[in-house]
Amino acid sequence: MAENHAAGQIRDLKASLDLNIYGPEEQAGELENQNLWSRSLARKWTVMLFLGTCLLYCARMTTPVCAVSMAATFHWSKIDSGLVLGGFFWGYCFTQILGGHASDKVGGERVLFISAASWALITAGTPVLAHLGPHTLALMTVARILMGLLQGVFFPSLASLCSQRVVEAERGFLMSTMHSGSHLGTLLAGGMGSVMLDRYGWESMFYCTGVLAGLWAITVKYYLLKDDVTVKQMEKKSEIQSSLSRKRWLHLFKKPPVWAMVFAHMCTCSTSYTLLSWLPMFFKESFPHATPWVYNVVPWLTAIPSGLGAGFVSDFLIAKGYRVVSVRKIMQFGAMGLSSMFILPLSGSVSFTSAVVFISAAVGFTTFTAGGVSVNVQDLTPSCAGALYGFMNMMGALMGLVLVSFSGYLIEVTLSWSVIFALVALVNVTGLGVFLVFGDARHVDLQENDYLILD
C-alpha cells in the first residue's frame with residue numbers, strides 16, 4: 001500500500017511538473033494532435049460538409065428564387081419583398097461571433113448539427129407559416145431573420161472545426177471545397193427552383209430543401225458525431241483556451257496581422273456581394289437580347305472547379321515546403337489582384353461574350369480567397385479561430401450591405417456601370433495592399449514566453 005501511494009505521488013508530481021514546464025502553446029499543440037481527424041474520417045467529413053454547404057445555400061436562396069411567386073400570391077409590393085429578403089442579412093450578422101465562440105468551446109460539429117436541424121425545420125415550415133393567418137408579411141420577415149440567425153453560425157463553426165480537426169497543410173482544400181459547395185448550392189437553387197416553380201408551385205421548393213437539409217442533419221448526428229470523444233477532448237482543450245478567450249482578445253486586436261486579415265476579408269466579402277447583387281441587372285441592361293441563363297450560370301459554374309483547384313494548389317505548395325504566409329499572400333493576390341484585372345475591362349465597351357468571359361474569370365479567381373484570408377485566421381489564432389472568423393464575417397456582411405447600397409446610389413446618379421466596376425477594383429486592391437504589407441501566418445494568440453509558472 002505504501003509503495004502504491006508513493007508511486008501515485010510520484011506520478012502526480014511528474015504531471016504537475018510537466019504542466020508547468022511546458023507552456024500553453026505546447027499543451028495546446030499536444031491536444032490539437034489528439035483532436036485531429038483520421039484520414040478516412042476527414043474524407044467523410046469533407047463530403048458531408050460539402051453537401052451541407054450546398055444545402056445551406058439552397059435554403060438561403062429559396063426565398064429569393066420564390067420571391068416573385070410569393071409576392072404575386074400575397075400581393076406584396078417591392079418594399080414588402082425587400083423587407084422579407086433583407087431580414088436574412090440582419091439576422092446573419094448577429095450570430096457570427098456567438099457561433100464561432102460556441103464552436104471553440106464545445107466543438108464545431110455540434111453547432112453545425114444544431115443549426116442545420118433548426119434552419120431545415122424553418123425552411124420546411126415556411127409554407128405553413130405563410131398560410132397560417134393574415135399577417136403573412138410579418139411572419140415571413142421573422143422567419144427570414146431566424147434563418148439568418150441560424151445560418152450565421154455555419155462558416156465560423158467551420159473555421160473553428162478546421163483549426164481543431166485538420167492539419168495545417170490540408171486546411172486550404174477543405175475551405176475551398178466548402179466554398180465550392182456554396183456555388184453549387186446557388187446553381188441548384190436557381191435550376192431546381194425554375195422547374196419546381198412551374199410544375200409544383202413555390203411551396204414545393206421549401207419542402208424539398210427543408211427535408212433534404214433535415215436528412216443531412218440526421219446523417220451527421222447518427223453516423224459522424226462521436227459524442228463521447230468530442231466532449232472529453234473539448235473539455236480538456238477548453239481548460240487551456242478559456243484563459244485565452246478572456247485575457248487575449250485585447251492583445252489580438254492590437255496585432256497588425258489580425259487587422260490586416262480582417263480588413264482584407266471585409267473587402268473581399270463586400271466586393272463579392274456587390275457583384276452578386278448587380279451583375280444580373282448589368283447584363284440585362286447592357287445586353288437585353290442575351291440569353292439570361294448564360295450569365296446567371298456560367299460564372300458560378302466556373303467557380304466550382306477553380307475553388308477546388310485553388311485549395312489543392314495552396315495545400316500542395318505548403319506540403320512542398322513553401323512558407324505558409326507566402327502561400328496565403330499568393331492565393332489572396334489571385335483572389336483580389338487577378339480578379340480585379342478582369343473586372344476593370346468591363347468599365348469600357350465590351351461584347352457580350354467578352355463580358356461573360358471576364359466575369360467568369362473574375363469570379364473564378366475570387367474563390368482563391370479560400371486558400372488565403374479565409375484560412376489565415378486558423379494560422380494566426382487557432383485557439384479562437386471560430387469567434388474571430390465570426391467577427392470577420394460579421395464585418396464583411398455589414399460592409400457588403402453598405403457597398404451594395406452605395407453602388408446603387410452611384411448607378412442612379414452617374415447612369416453608368418463603369419464606376420461600379422472601378423469601385424470594386426479599388427476596394428479589392430486596397431484590401432490586398434494592406435494584407436500583403438501587414439499579413440502574417442504565425443500564431444499571435446499566445447504572447448511570447450507565456451508559460452505556466454510553478455508556485
Side-chain angles (χ1 to χ4, degrees), residues 57-58 60-73 76-86 88-89 182-198 202 205 269-304 339-340 342-367 400-425 427-428:
Y57 270 77
C58 282
R60 183 180 301 185
M61 293 299 296
T62 298
T63 300
V65 169
C66 299
V68 175
S69 299
M70 295 177 72
T73 302
W76 290 346
S77 65
K78 289 290 191 297
I79 296 176
D80 294 336
S81 298
L83 183 64
V84 173
L85 294 173
F88 174 86
F89 293 100
S182 68
H183 295 302
L184 179 60
T186 303
L187 289 174
L188 288 178
M192 181 175 66
S194 300
V195 175
M196 299 189 75
L197 281 173
D198 292 337
W202 62 267
M205 189 171 178
C269 287
S270 61
T271 53
S272 296
Y273 287 145
T274 302
L275 291 176
L276 184 64
S277 300
W278 292 110
L279 277 179
M281 187 175 293
F282 160 73
F283 277 105
K284 189 172 183 179
E285 291 186 357
S286 302
F287 310 99
H289 302 294
T291 306
W293 73 264
V294 175
Y295 56 79
N296 282 329
V297 172
V298 172
W300 315 111
L301 194 61
T302 305
I304 297 174
S339 65
S340 296
F342 287 96
I343 289 173
L344 279 177
L346 296 171
S347 301
S349 178
V350 294
S351 65
F352 173 71
T353 303
S354 298
V356 172
V357 171
F358 288 146
I359 286 296
S360 298
V363 171
F365 278 117
T366 300
T367 62
L401 289 173
V402 172
L403 193 61
V404 170
S405 301
F406 183 60
S407 299
Y409 170 78
L410 290 177
I411 295 171
E412 187 74 21
V413 172
T414 63
L415 301 177
S416 172
W417 287 97
S418 60
V419 67
I420 300 303
F421 296 118
L423 176 64
V424 168
V427 173
N428 270 340

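Just so it is clear, the values below take in all heavy atoms, side chains as well, and ignore hydrogens, waters and symmetry mates.
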Discussion item. Nearest 0.5 angstrom please: F421 CZ to I359 CD1, how far?
Written reply: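 The CD1 atom of I359 is 5.0 Å from CZ of F421, to the nearest 0.5 Å.
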Worksheet item: Looking at CG of L275 and CD1 of I343, how far apart are the two atoms once the value is rounded to the nearest 0.5 Å?
Response: 5.0 Å
Worksheet item: Angle class for the F283/F287 ring planes (parallel below 30°, perpendicular above 60°, tilted otherwise)?
Response: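 Tilted, since the angle between the ring planes falls between 30° and 60°.
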Pairing residues for [X] by the side chain to side chain contact (heavy atoms under 4.5 Å, CB included) criterion, not counting sequence neighbours:
| X | result |
| --- | --- |
| S405 | none |
| T274 | W278, L403, V404, S407, I420, V424 |
| S351 | T353, S354 |
| C66 | T62, M70, L197, W202, M205, F206 |

Item to complete: Answer yes or no: are there more than 12 heavy-atom neighbours, outside E412 itself, under 6.0 Å from its atom CD?
Response: no
Item to complete: Could you list all the side chain to side chain donor-acceptor pair (under 3.5 Å) pairs where at least one residue sits in residues 182-191, not counting sequence neighbours?
Response: none
Sequence-distant partners of [X], side-chain hydrogen bond (donor to acceptor under 3.5 Å, both in side chains), two or more places apart:
| X | value |
| --- | --- |
| Y273 | none |
| S69 | none |
| S340 | N428 |

Worksheet entry | By ring-ring contact (aromatic ring centres under 6.0 Å, His included) - contacts of W417 (at least two apart) | F282
Heavy-atom pair with the smallest gap, counting every atom of [X] and [Y]:
| X | Y | answer |
| --- | --- | --- |
| L344 | A425 | CD2-CB, 3.7 Å |
| C58 | L188 | SG-CB, 4.0 Å |
| A422 | S347 | N-OG, 4.0 Å |
| L346 | A355 | CD2-CA, 3.8 Å |

Worksheet item: Hey, does F88 have a side-chain heavy atom less than 4.5 Å from the side chain of T63?
Response: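 No. Closest side-chain heavy atoms not under 4.5 Å.
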Worksheet item: For V413 and V419, what are the C-alpha separation, side-chain angles and deciding distance, and is it a side chain to side chain contact (heavy atoms under 4.5 Å, CB included)?
Response: CA-CA 11 Å; V413 172; V419 67; over 6 Å; no
